[in-house]
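In this text the structure is predicted, and so the values were computed from the model without any measurement. Residues: numbered from 1 along the sequence shown.
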Amino acid sequence: MHTLQQILNQKDTDEIWSVVPTSTVFEAIQEMADKRAGALLVMDGDRLEGIISERDYAREVILKGRSTKKTLVGEIMSKEVVTAAPTSSVQSSLELMTQHRIRHLPVVNDTEVVGVISIGDLVKDVISIQQSTIEQLENYIRM
């Protein structure tokens, strides 16, 4: 089983997509659309302040009739951010994400954010490992 650092190493980009707490929700949603991302980290310099997701937007802006151009990210972001270490396994990370019902997991080394893993990243890894195992078993059977 791989670690989160190994998954991050396989990703196309090292860039961490984020906004500041004083960004408007409109700016954050626009950034999510541009990056084709479901969530953004909320950073104050190098410090992780929270995370804003499409779910936060739906629950805190749309359902409450708030303005995306007047509401600040800091007002609606999730402040209790679940994180994992780069050495965490894919399996333990999947369990953590399932337990907390989240789809994006910031990877933090001490206090430094080193990346973000999505549930899709982890599922792809699990499928890849299973496919490799199936191929090895098929080759063994053919011998």
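With hydrophobic clusters built from ILVMFWY side chains whose heavy atoms lie under 4.5 angstrom apart, L41 does not share a cluster with I52. L63 and I76 fall into different hydrophobic clusters, where Ile, Leu, Val, Met, Phe, Trp and Tyr are joined by side-chain heavy atoms under 4.5 Å apart, directly or via other members. There is a path of hydrophobic side-chain contacts, each under 4.5 Å, that joins V82 to V107. Put simply, M43 and I117 are part of two different groups of oily side chains (I, L, V, M, F, W, Y) that touch within less than 4.5 Å, one to the next. Side-chain heavy atoms closer than 4.5 Å link hydrophobic residues (I, L, V, M, F, W, Y) into clusters, and following such links, possibly through other members, connects L8 to V126.
Pairing each heavy atom of E75 with each of K70, the nearest pair is OE2-O, 4.4 Å. Scanning all heavy atoms of the two residues, the minimum distance from N109 to P86 falls at CB-CG, 3.9 Å. Closest approach of A84 to L105, counting heavy atoms only: CB-CD2, 3.7 Å. Considering every non-hydrogen atom in both E49 and P21, the closest pair reads CG-CG, 4.3 Å. Nearest heavy-atom pair across H104 and G38 is CE1-C, 3.8 Å. Contact record, V81 with I51: CG2-N, 3.9 Å, taken as the closest heavy-atom pair.
Checking Q99 against E95 by side-chain atom types alone, no donor-acceptor pair falls below 3.5 Å.
More than 12 heavy-atom neighbours from other residues, nucleotides or ligands sit within 6.0 angstrom of CD on E15. More than 12 heavy atoms of other residues, nucleotides or ligands sit less than 6.0 Å from atom NZ of K11. A 6.0 Å sphere centred on CG of D46 holds no more than 12 heavy atoms belonging to other residues, nucleotides or ligands.
A 4.5 Å side-chain heavy-atom check between K69 and T24 finds every atom pair outside the cut-off. In this structure, the side chains of K124 and Q10 stay at 4.5 Å or more apart for every pair of heavy atoms. For the pair L40 and M32, the minimum side-chain heavy-atom distance is below 4.5 Å. Between P106 and L48, some side-chain heavy-atom pair lies under the 4.5 Å cut-off. You'll find the side chain of I102 stays beyond 4.5 Å of the side chain of I119, heavy atoms only. Using a 4.5 Å cut-off on side-chain heavy atoms (C-beta onward), T68 and Y57 make contact. By the 4.5 Å heavy-atom criterion applied to side chains, E27 and E31 are not counted as neighbours.
Summarising the geometry, atom OG belonging to S118 is positioned 6.5 Å from atom CE belonging to M97; distances are rounded to the nearest 0.5 Å. Taken from CD in E54 to CZ in R103, the straight-line distance is 6.0 Å, to the nearest 0.5 Å. Here the CD atom belonging to E60 is positioned 10.0 Å from the OG1 atom belonging to T71, to the nearest 0.5 angstrom.
Across D125, L122, D121, N9, a single residue satisfies side chain to side chain contact (heavy atoms under 4.5 Å, CB included) together with L4, and that is L122. When each of V42, V73, L72 is paired with S23, the side chain to side chain contact (heavy atoms under 4.5 Å, CB included) condition holds for V73 and for no other.
Judged by distance alone, with hydrogens and angles left aside, the side-chain atoms of Q6 form a donor-acceptor pair with the main-chain N or O of T3 at under 3.5 Å.
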